Amino acid sequence: MERTVRELGFEIGVFNPCLFHNKEKKIGAMCHGDDIVAVGSRRWLNWLVKKVTDKFDIKSQMIGPRATDKNSARVLGRVVTIGSEGVQY
(Lines give C-alpha, C1' and ligand atoms only; values in the text may rest on other atoms or scores of the structure.)
Protein backbone atom coordinates (compact mmCIF):
# COMPACT_ATOMS: atom_id res chain seq x y z
CA MET A 1 0.00 0.00 0.00
CA GLU A 2 2.85 2.37 0.78
CA ARG A 3 4.12 2.20 -2.79
CA THR A 4 0.62 2.93 -4.13
CA VAL A 5 0.05 6.00 -1.97
CA ARG A 6 3.49 7.34 -2.82
CA GLU A 7 2.72 6.90 -6.54
CA LEU A 8 -0.48 8.91 -5.96
CA GLY A 9 1.48 11.83 -4.51
CA PHE A 10 1.00 11.14 -0.81
CA GLU A 11 3.69 11.77 1.78
CA ILE A 12 4.09 9.17 4.52
CA GLY A 13 3.91 10.38 8.11
CA VAL A 14 7.32 10.84 9.73
CA PHE A 15 6.27 9.86 13.25
CA ASN A 16 3.43 7.53 12.24
CA PRO A 17 3.85 5.62 8.95
CA CYS A 18 0.12 4.77 9.01
CA LEU A 19 -0.74 8.41 8.22
CA PHE A 20 -0.61 9.86 4.71
CA HIS A 21 -1.13 13.34 3.30
CA ASN A 22 -1.50 14.61 -0.24
CA LYS A 23 -0.81 18.34 -0.07
CA GLU A 24 -1.83 19.06 -3.66
CA LYS A 25 -5.24 17.41 -3.35
CA LYS A 26 -5.67 18.18 0.36
CA ILE A 27 -6.43 14.59 1.35
CA GLY A 28 -5.50 13.17 4.73
CA ALA A 29 -5.60 9.41 5.20
CA MET A 30 -5.01 6.75 7.85
CA CYS A 31 -4.32 3.09 7.20
CA HIS A 32 -4.90 0.33 9.76
CA GLY A 33 -4.36 -3.15 8.36
CA ASP A 34 -6.51 -3.29 5.25
CA ASP A 35 -8.75 -0.40 6.30
CA ILE A 36 -8.19 3.13 5.01
CA VAL A 37 -9.99 6.23 6.23
CA ALA A 38 -9.56 9.41 4.20
CA VAL A 39 -10.84 12.96 4.53
CA GLY A 40 -10.97 15.61 1.84
CA SER A 41 -13.19 17.12 -0.79
CA ARG A 42 -15.65 14.86 -2.57
CA ARG A 43 -13.87 15.43 -5.89
CA TRP A 44 -10.53 14.22 -4.62
CA LEU A 45 -11.94 11.40 -2.52
CA ASN A 46 -13.69 10.06 -5.64
CA TRP A 47 -10.35 10.35 -7.44
CA LEU A 48 -8.65 8.39 -4.65
CA VAL A 49 -11.27 5.63 -4.71
CA LYS A 50 -10.88 5.31 -8.50
CA LYS A 51 -7.09 5.11 -8.32
CA VAL A 52 -7.07 2.56 -5.49
CA THR A 53 -9.80 0.51 -7.22
CA ASP A 54 -7.59 0.36 -10.32
CA LYS A 55 -5.00 -1.56 -8.26
CA PHE A 56 -6.99 -3.39 -5.59
CA ASP A 57 -10.38 -5.02 -5.13
CA ILE A 58 -11.94 -2.70 -2.54
CA LYS A 59 -15.21 -1.76 -0.93
CA SER A 60 -15.70 1.91 -0.17
CA GLN A 61 -18.20 4.01 1.73
CA MET A 62 -18.49 7.76 1.85
CA ILE A 63 -20.33 9.85 4.39
CA GLY A 64 -21.05 13.52 4.02
CA PRO A 65 -23.21 16.50 4.91
CA ARG A 66 -25.52 16.50 1.88
CA ALA A 67 -29.11 15.31 2.25
CA THR A 68 -28.39 12.56 -0.30
CA ASP A 69 -25.25 11.34 1.53
CA LYS A 70 -25.08 8.52 4.01
CA ASN A 71 -24.51 10.07 7.43
CA SER A 72 -22.76 7.15 9.13
CA ALA A 73 -20.42 4.24 8.45
CA ARG A 74 -18.66 1.56 10.48
CA VAL A 75 -14.89 2.10 10.74
CA LEU A 76 -12.63 -0.22 12.72
CA GLY A 77 -15.58 -1.50 14.75
CA ARG A 78 -16.94 1.96 15.54
CA VAL A 79 -19.79 3.89 14.00
CA VAL A 80 -18.69 7.26 12.63
CA THR A 81 -21.53 9.74 12.12
CA ILE A 82 -21.58 13.18 10.55
CA GLY A 83 -24.30 15.59 11.63
CA SER A 84 -25.06 19.18 12.49
CA GLU A 85 -22.45 19.11 15.29
CA GLY A 86 -19.72 17.66 13.11
CA VAL A 87 -18.20 14.18 13.09
CA GLN A 88 -18.82 11.90 16.06
CA TYR A 89 -17.77 8.35 16.89
Side-chain angles (χ1 to χ4, degrees):
M1 188 60 175
E2 181 179 338
R3 180 173 47 205
T4 299
V5 294
R6 283 188 191 276
E7 289 171 359
L8 295 176
F10 284 80
E11 295 178 20
I12 308 299
V14 174
F15 297 105
N16 187 336
C18 298
L19 300 177
F20 311 101
H21 184 248
N22 184 311
K23 288 181 183 178
E24 176 190 344
K25 294 177 174 44
K26 298 180 182 171
I27 301 172
M30 182 269 315
C31 181
H32 180 78
D34 63 353
D35 291 324
I36 299 172
V37 177
V39 295
S41 72
R42 185 177 310 267
R43 172 185 178 197
W44 293 119
L45 291 176
N46 286 330
W47 168 85
L48 178 61
V49 169
K50 167 79 172 87
K51 292 295 187 179
V52 174
T53 300
D54 288 346
K55 291 194 169 232
F56 303 100
D57 182 25
I58 68 165
K59 297 178 200 171
S60 69
Q61 299 180 62
M62 192 176 301
I63 64 173
R66 295 179 183 172
T68 56
D69 292 335
K70 287 177 60 175
N71 69 342
S72 66
R74 185 169 291 277
V75 179
L76 300 174
R78 300 192 105 143
V79 176
V80 177
T81 304
I82 188 168
S84 60
E85 297 182 23
V87 178
Q88 299 176 339
Y89 62 94

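It should be emphasised that the depicted structure is a prediction, and the values quoted were computed from it without experimental measurement. Residue numbers run from 1 in the order of the sequence given.
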From Leu48 CG over to Phe10 CZ, what is the distance, rounded to the nearest 0.5 angstrom?
5.0 Å

Distance check, rounded to the nearest 0.5 Å: Ile27 atom CD1 versus Leu8 atom CG?
8.5 Å

Report whether [X] and [Y] are members of the same hydrophobic cluster (ILVMFWY, side-chain heavy atoms less than 4.5 Å apart, transitive linking).
{"X": "Trp47", "Y": "Ile58", "result": "yes"}
{"X": "Val5", "Y": "Val14", "result": "no"}
{"X": "Ile36", "Y": "Val87", "result": "no"}
{"X": "Val52", "Y": "Val49", "result": "yes"}
{"X": "Leu19", "Y": "Leu76", "result": "yes"}

Search all heavy atoms of [X] against all heavy atoms of [Y] and return the closest pair with its distance.
{"X": "Lys70", "Y": "Met62", "answer": "CB-O, 3.9 Å"}
{"X": "Ile82", "Y": "Gly64", "answer": "CG2-O, 3.4 Å"}
{"X": "Ala38", "Y": "Leu45", "answer": "CB-CD2, 3.8 Å"}
{"X": "Gln61", "Y": "Arg74", "answer": "NE2-O, 4.2 Å"}
{"X": "Ser72", "Y": "Val79", "answer": "CB-CG1, 4.0 Å"}

I need the full list of side chain to side chain donor-acceptor pair (under 3.5 Å) pairs touching residues 3-25, with sequence neighbours left out, sorted by first then second residue.
Glu2-Arg6, Glu7-Lys55

Residues two or more places apart in sequence or in another chain: which of them pass side-chain hydrogen bond (donor to acceptor under 3.5 Å, both in side chains) with Asn46?
none

Check side-chain hydrogen bond (donor to acceptor under 3.5 Å, both in side chains) between Asp54 and all other residues, then give those that pass, not counting sequence neighbours.
Lys50

Hey, does Asp35 have a side-chain heavy atom less than 4.5 Å from the side chain of Val75?
no

Determine whether Tyr89 and Thr81 make a side-chain contact, defined as any pair of heavy atoms from C-beta on separated by less than 4.5 Å.
no

